[in-house]
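Working notes, structure below.
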Amino acid sequence: MAKGSIHISVDEQIQQLSHGAQDIHSLDGLKEKLALGRPLRVKAGFDPTRPDLHLGHVVLLRKLRQFQDLGHQVVFLVGDFTAQIGDPSGRNSTRPVPTREEIEHGARTYAEQAFKVLDPEKTETVHNSTWLEAMNFSDVIRLAGKYTLARMMERDDFQNRFAQHQSISVHELLYPLAQAYDSVAIDADVELGGTDQLFNLLVGREIMRDHGKAPQIVMTTPILEGTNAREENGRILGDKMSKSLDNYVGVAEPPLEQFGKLMSIADGVMWRYYDLLSVKNEAEVKALKAKCSEGANPRDAKLALAQELVAHFHSESAARDAQEQWIAQFSNRQVPESMPEVTVPLEQEAGMWLVRVLSKAGLAKSNADARRRVEQGAVHVDGTKVSDPSLELNAGTYTLRAGKRAWAKVTLTP
RNA sequence: GGAGGGUUGCCCGAGUGGUUAAAGGGAGCAGACUGUAAAUCUGCCGGUGUAUGCCUACAGUGGUUCGAAUCCACUACCCUCCA
């Protein structure tokens, strides 16, 4: 538990903390809090129904880590109770309710991944079911009485859903209030969230004031665009990184996977990633950028970024291996170093239809899909392109390829 | 409580009785190209050893009909207006 006082000057802290933050409400308030000289309680809530962290979450975690490095205390709030409501932020429909087990499992997985960035020594983990479950209906009514429908409907998500005639359940209106009450319960000095959380975070200030507490400082971090984003005229266009859009780089993914995904981002988007995710400071990034516009190959800058991030989530050596493999496989089009090994039993003596082998081995999702791949010239057996969809294979081991990224070493056994 | 509108493939969305495995777009997949798993172009895009065949599919159930995503009834869910 972090105790004692903080020795870095307020101005220095403000400079570091405000870099890369989207909104701070308010900057003066933050200065006052910092001037107290004690470690601040910095709250960040997370949704345990989505345990797979990706780089989008890392933007926020990095900022929390920065607070920790300055000597502050992070309160890591597991939203195990609020998960039953489902955060309406950015949603266009009501969420399904997860089970208790899903929530618990999610919380563990999430913490495991989050501590790749956070300092466990300066993190206090709490569950909001501790106090929210204890509230009875009159407590809830009293809390709900502190906010009005009109104010609740100021929120974009609700407004849009309402305008588009989509349903909004009444319990969803309670979500921001529950989150706000969390801040009361844990005496938050500061709460961090993505920009999509701004509304919820601000409700926290009002509810804290209502409970006679000093309102928390609200800080938001930008939403990271997904790996399929584009850059046009200096603006980044594209959806935010999310698992459901499959444009994410997961914290727990294998090194080569992370590396490849990072290498696939558009050149312009790479600088956004540098700004929000790299430990390189502004000046270093600027220098790198200048070098590229003077003719250096942007690929090298991207390799460096991928290196840094993979090393952060795995290790230096894993990052180096990933880079070597990636260059071999995709730049030089060699056979990948490692590929899944699959054993498929021959179903009859004579041999097995290649198309069937491909789908059995998981390289195609159906026979029809496998046939299509063969006809489209994507299938190679031991390095030789196959275009006859009726080819049969005998017992033995083959290196099969059914597209750029679908490889397997398949053994056919009688 | 009353009146009305809606529910189509992974997503959005056209389709009001046969020629519809269902237009179009997006996503996805493959090939070409590329420093790249980007962009672009081309093709594919329910399943079935390929069959002018069969099976599955237009919220669910039942019905009308030679024939239904399309008509009818009921059920579920969503929305709008009035109270």
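Just so you know, these numbers come straight off a predicted model, no measurement behind them. Note on naming: letters A, B, ... go to the chains in the order of the sequence lines (proteins, then strands), and numbering restarts at 1 for each one.
The phosphate of B:rU48 (OP1 or OP2) has a side-chain N or O of A:S366 nearer than 4.0 angstrom. Contact annotation: A:R373 reaches the phosphate of B:rA30 (side-chain N/O to OP1 or OP2, under 4.0 Å).
Position along RNA chain B of the nearest nucleotide to A:R356 versus A:G377 favours A:G377 as the more 5'-ward residue.
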Per-nucleotide protein contact string for nucleotides 34-42 of chain B (B base, S sugar-phosphate only, - none; heavy atom under 4.0 Å): BBBBS----

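Between A:E206 and A:K146 there is no salt bridge, since no side-chain nitrogen of the basic residue lies less than 4.0 Å from a carboxylate oxygen of the acidic one. Of the charged side-chain nitrogens involved, at least one lies within less than 4.0 Å of a carboxylate oxygen, so that A:E375 and A:R371 count as a salt-bridged pair.
Comparing the same atom, C1', in B:rU8 and in B:rA68 gives a spacing of 14 Å after rounding to whole Å. The separation of B:rU61 from B:rU50, taken at their C1' atoms, amounts to 36 Å, rounded to a whole angstrom.
Pairing for B:rC41 is with B:rG31, a Watson-Crick or G-U wobble pair whose two hydrogen-bonding atom distances lie under 3.5 Å. With a cut-off of 3.5 Å on both Watson-Crick or G-U wobble distances, the partner of B:rC77 is given as B:rG6.
Annotation: the span from A:I265 atom CD1 to A:T227 atom OG1 amounts to 8.5 Å, rounded to 0.5 Å.
If you check distances only, the side chain of A:Q376 does reach the base of B:rG43 with a donor-acceptor pair under 3.5 Å.
Using a 4.0 Å heavy-atom cutoff across all strands shown, A:Q329 reaches no nucleic acid atom at all.
The distance from atom CZ of A:R372 to atom P of B:rG49 is 13 Å, rounded to the nearest whole Å.
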What pairs of nitrogen or oxygen atoms, one from the protein and one from nucleotides 50-53 of chain B, lie under 3.5 Å apart?
residue: B:rU50; atom: N3; partner: A:R371; partner atom: NE; Å: 3.3
residue: B:rU50; atom: O4; partner: A:R371; partner atom: NE; Å: 2.3

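For A:Y181 and A:H211, the gap between ring centers is short of 6.0 Å.
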